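Working notes, beginning with the structure itself.
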Amino acid sequence: MGPSCTTVNEPARTLPVYGEFDVVVIGGGPAGLAASVSAARHGARTLLVERYGFLGGMGTAGGVSNFAGLYGRKNGEMKQVVHGVVDDLLERIDVLGGLNQPQDGMQGRIRVRSYDVSAYKCAADQVLLSAGVQLLFHAWAAAVVMDGPVIAALVVETKSGRQALRAQRFIDCSGDADVAHFAGVPFELGDGQGSALFPTTMFRVGQVDAARALAAVGEFSAINKLMNESQLRAPGRYQFPRQGAILRPNKNPTEWRANVTQIRNAAGMAMDATDARQLSEGELEGRRQITEYFRFLKNEVPGFEQSAIVDIAAQVGIRETRRICGDYALSGEDILSSARFDDVIGINAWPMEMHVDGAISWGFPRDDQRAYNDLPWRMLTNSATPNLLVAGRCASMTHEGQSAARASGGCFVMGQAAGTAAALLESGQTFRDINVAVLQQQLSQDGVFLDR
């Protein structure tokens with residue numbers, strides 16, 4: 001093989017079958033967690049495949065440390081509108097002492113629940129094991145084996161080598177639509193113009209003087225004012241990756257979560273997290289930005305003088321990569337108009353949150369009496385692969401619609417519907433054949449709020 005060769009041939013090989021299941025779920029974030037628990041609770045032999053050694057997705061590995069999109073304004077009052085599997089998870093995190101009280105922002109138009117990441121990891125284990133879900137950690141989806149349009153097996157890379165997983169039905173909650181992509185399901189990548197919602201590397205700051213910090217930062221806009229003032233006093237002293245920093249205390253008020261970095265590629269576009277080179281470079285850039293922003297916190301923000309970085313997320317936080325082209329694409333107008341659908345499977349209560357170059361742009365529903373929208377069953381199904389559902393941030397949505405429904409609240413909803421449907425599906429049926437009314441009835445019985 002000479003130095004000019006750019007490819008190598010991989011010999012064909014026979015793979016061992018790790019196991020056979022009714023349902024295999026790929027990805028252990030909110031969508032995969034809810035999908036696998038729901039499928040197992042309804043009697044399906046269920047395996048959850050997760051690349052890390054713990055669950056939670058961006059909420060743990062990505063360091064997000066709060067649930068967004070569980071609460072929405074109903075009749076002018078902020079209420080929890082996402083229920084179901086997530087209620088069990090919240091209760092278990094709370095029992096472990098890791099759940100904060102709801103925190104409001106944006107003049108009361110959003111509400112989040114922050115949590116301790118370690119408590120989330122342990123609580124997620126408890127929820128899955130109590131439901132009878134089998135778990136395969138440290139496994140990465142690598143390929144699919146097709147039987148016509150049907151996925152016959154999923155190929156995964158593990159520490160035991162390359163193995164095959166057989167199942168009747170598959171649910172792609174990978175975040176990047178990896179399995180759907182392998183199976184040939186059409187998709188869109190980012191905004192279609194070479195960029196996407198910009199990624200962020202999250203970090204946590206400890207040893208904060210909580211009283212002084214809260215007085216200084218207050219609402220979300222206060223930290224931005226401090227950033228602007230520092231630039232006016234000493235132009236060029238700090239290089240901020242974006243305006244619109246989100247700096248909030250966790251359950252322990254001496255520990256704060258920081259959402260401020262913004263990862264670009266060499267072309268100045270959002271880093272493409274499906275590109276191995278860009279992903280590697282983005283990890284380095286995120287930590288570089290963190291050290292720069294932390295210097296500003298210590299020097300300029302009251303209460304942070306003696307603080308220290310206590311954690312940097314295990315990976316850069318990805319907001320958007322592939323989105324499948326399914327039977328219906330949730331749109332930005334669906335968010336703004338508080339859309340209703342006959343095939344509703346639950347609620348999205350998060351507004352449009354567009355992480356654009358250098359800033360965050362918000363888009364809120366026009367109806368303050370119903371400041372949330374339905375999520376339709378059809379955004380999980382596709383015409384290409386009849387035994388595959390796609391749930392979570394890679395489901396069928398437009399770039400604008402995904403900026404809202406990618407939040408954890410919407411992902412819990414999509415996952416629970418997908419897992420429930422996978423267990424209810426009768427022999428010989430495809431996901432597009434499912435009786436939506438029966439699915440809705442079961443979701444309601446399981447505590448999901450449909451607002452019908």
Side-chain angles (χ1 to χ4, degrees), residues 27-34 50-52 54-71 82 86 89-90 93 98-100 102-103 105-106 110-124 173-176 196-206 220 241-242 244-252 255-263 271 273 282-283 286-287 289-290 293 309-321 348-351 353-355 360 362 392-394 402-415:
L33 190 156
E50 168 54 42
R51 60 179 289 194
Y52 289 109
F54 53 86
L55 304 169
M58 290 298 103
T60 51
V64 173
S65 74
N66 70 85
F67 296 120
L70 301 181
Y71 295 85
V82 173
V86 68
L89 178 65
L90 291 173
I93 296 174
L99 189 64
N100 208 344
Q103 296 173 318
M106 304 297 291
I110 62 173
R111 176 174 290 177
V112 301
R113 292 295 298 271
S114 62
Y115 51 80
D116 176 78
V117 168
S118 297
Y120 184 2
K121 291 178 181 178
C122 295
C173 302
S174 65
D176 299 319
L197 300 178
F198 279 76
T200 291
T201 303
M202 297 286 293
F203 65 106
R204 288 185 288 125
V205 180
F220 288 99
R242 74 172 201 230
I246 300 174
L247 188 68
R248 304 302 294 162
N250 285 339
K251 184 176 178 64
N252 178 348
E255 183 178 286
W256 289 55
R257 61 188 184 274
N259 176 345
V260 66
T261 66
Q262 193 175 80
I263 316 300
M271 179 200 80
E283 296 286 6
R287 289 188 288 274
Q289 291 183 16
I290 285 171
Y293 193 76
I309 296 174
V310 296
D311 183 64
I312 295 176
Q315 71 152 90
V316 59
I318 309 302
R319 294 186 172 90
E320 180 187 27
T321 52
N348 165 66
W350 199 245
E353 182 187 346
M354 303 288 291
H355 286 254
I360 307 174
W362 297 86
R393 74 168 190 252
C394 49
Q402 196 263 7
S403 76
R406 66 178 172 81
S408 50
C411 291
F412 281 118
V413 166
M414 288 183 263

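Quick note: residue numbers are just sequence positions, from 1. Note that the structure is predicted; figures quoted are calculated from it, not measured.
Taking OG of Ser408 as the start and CG of Leu33 as the end, the distance is 11.5 Å to the nearest 0.5 Å. The line from NZ of Lys121 to CZ of Phe54 is 4.0 Å long, rounded to the nearest 0.5 Å. Taking OH of Tyr293 as the start and CZ of Phe203 as the end, the distance is 7.0 Å to the nearest 0.5 Å. To the nearest 0.5 Å, atom CE of residue Met354 and atom CD of residue Glu320 are 7.5 Å apart. For the atom pair CE (Met58) and OG (Ser65), the distance works out to 13.0 Å, reported to the nearest 0.5 Å. Put simply, OH on Tyr120 and CG on Leu99 are 11.5 Å apart, with the number rounded to the nearest 0.5 Å.
For the pair Arg113 (side chain) and Ala68 (backbone), a donor-acceptor distance under 3.5 Å is absent. No donor-acceptor pair under 3.5 Å is formed between the side chain of Ser114 and the backbone N or O of Asn66. Remark: side-chain polar atoms of Thr261 are not paired, donor with acceptor, to backbone N or O of Ile290 under 3.5 angstrom. Checking side-chain atoms of Gln103 against main-chain N and O of Pro249 turns up a donor-acceptor pair under 3.5 Å. Checked by atom type and distance alone, the side chain of Lys251 never pairs as donor or acceptor with a backbone atom of Tyr115 at under 3.5 Å.
Under the 4.5 Å side-chain criterion, counting only non-hydrogen atoms from C-beta, Met271 is in contact with Ile318. Contact annotation: the side chain of Gln315 approaches that of Arg51 to within less than 4.5 Å [non-hydrogen atoms, C-beta and beyond]. Using a 4.5 Å heavy-atom cutoff, the side chains of Thr201 and Gln289 are not in contact. No side-chain heavy atom of Val260 sits less than 4.5 Å from a side-chain heavy atom of Leu247. Between Ile110 and Glu353 there is no side-chain heavy-atom pair separated by less than 4.5 Å. Residues Tyr52 and Thr60 form no side-chain contact, since every pair of their non-hydrogen atoms from C-beta on lies 4.5 Å or further apart.
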For the pair Leu70 and Leu90, evaluate side-chain contact (heavy atoms from CB on, under 4.5 Å) and give the outcome as yes or no after the intermediate values.
CA-CA 11 Å; Leu70 301 181; Leu90 291 173; 4.1 Å; yes
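Heavy-atom minimum distance, Asn348 versus Ala405: OD1-CA, 3.5 Å. Residues Arg287 and Ile312 share a closest heavy-atom pair of CG-CG2, 4.1 Å. Closest approach of Val64 to Arg257, counting heavy atoms only: O-CD, 3.8 Å. The shortest heavy-atom contact between Gly69 and Trp350 is N-CE3, 3.3 Å. Residues Val86 and Val82 come closest through the heavy atom pair CG1-O, 3.7 Å. Nearest heavy atom pair, residue Arg393 against residue Gly175, reads NE-O, 3.0 Å.
Contacts of Arg242 classified as side chain to side chain contact (heavy atoms under 4.5 Å, CB included), with partners at least two apart in sequence or in another chain: Thr200, Ile246, Asn259, Gln262, Arg319, His355, Ile360.
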